Amino acid sequence: MAAVTSPSIVDLVHLINQFNAVWKQAREAWGDTSPFTTILRERKTQLQLRLLRTHPEAVRLVVDRDGEYEEPLYSVRLQRPVTLSDGQVRRDADHIP
């Protein structure tokens with residue numbers, strides 16, 4: 001039986017970034033309570049948790065205090081920047097809503 005490997009940090013950050021972009025578009029189009037919007041937000045959060053769980057040495061949670069939010073907002077910060085396939089350099093994996 002082949003060993004199951006975890007996705008790389010770069011792969012997870014890329015997926016999180018993509019889901020975050022689509023989630024924001026869905027939120028604008030259909031609102032926060034749309035089932036589609038909710039599923040996208042939850043999938044992004046699952047990927048962020050997977051990143052934290054599978055690569056704990058490379059990421060940390062930081063409370064974002066830059067704005068006023070109804071609930072605590074956590075930024076998933078990378079210990080070292082990563083470069084995505086599109087050339088984008090990321091120092092975080094977005095916020096956990």
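None of these values were measured; they are calculated from a predicted model.
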Determine yes or no for a side-chain-to-main-chain donor-acceptor pair under 3.5 angstrom, with Gln48 supplying the side chain and Ile16 the backbone.
no

pair Asn17-Asp86: side-chain heavy atoms closer than 4.5 Å
no

Taking every heavy atom of His14 against every heavy atom of Leu84, the minimum-distance pair comes out as N-CD2, 3.9 Å

Does the side chain of Thr33 come within less than 4.5 Å of Thr38's, by heavy atoms?
no

Got Arg91 and Leu78 here, is their nearest side-chain heavy-atom distance under 4.5 Å?
no

Glu57 and Gln79: CA distance, side-chain angles, deciding distance, side-chain contact (heavy atoms from CB on, under 4.5 Å) verdict
CA-CA 8 Å; Glu57 75 291 344; Gln79 298 289 22; over 6 Å; no

Exercise: identify the closest heavy-atom pair between Leu12 and Arg50:
CD2-CD, 4.3 Å

For the atom pair CZ (Arg43) and CG (Leu47), what is the distance rounded to the nearest 0.5 Å?
4.0 Å

Could you walk me through whether Trp23 and Asn20 pass side-chain contact (heavy atoms from CB on, under 4.5 Å), step by step?
CA-CA 5 Å; Trp23 167 56; Asn20 191 56; 3.4 Å; yes

Taking the side chain as everything from C-beta on, heavy atoms only, tell me whether Thr37 gets closer than 4.5 Å to Leu40.
no

Rounded to the nearest 0.5 angstrom, the OG-CG distance for Ser75 and Asp94 is 8.0 Å

Do Leu51 and Val62 belong together in a cluster built from hydrophobic side chains that touch within less than 4.5 Å?
no

Any side-chain heavy atom of Tyr74 sitting closer than 4.5 Å to one from Asp64?
no

With a 4.5 Å limit on heavy-atom distance, are the side chains of Glu42 and Thr45 in contact?
no

Hey, does the side chain of Lys44 reach the backbone of His95 with a donor-acceptor pair shorter than 3.5 angstrom?
yes

With side chain to side chain contact (heavy atoms under 4.5 Å, CB included) as the test, pick out the partner of Val82 among Val89, Val10, Asp11.
Val10

Please answer: with hydrophobic residues joined when any side-chain heavy atoms are less than 4.5 Å apart, are Val63 and Leu73 in the same cluster?
no

Does a side-chain heavy-atom distance below 4.5 Å link Val76 with Asp92?
no

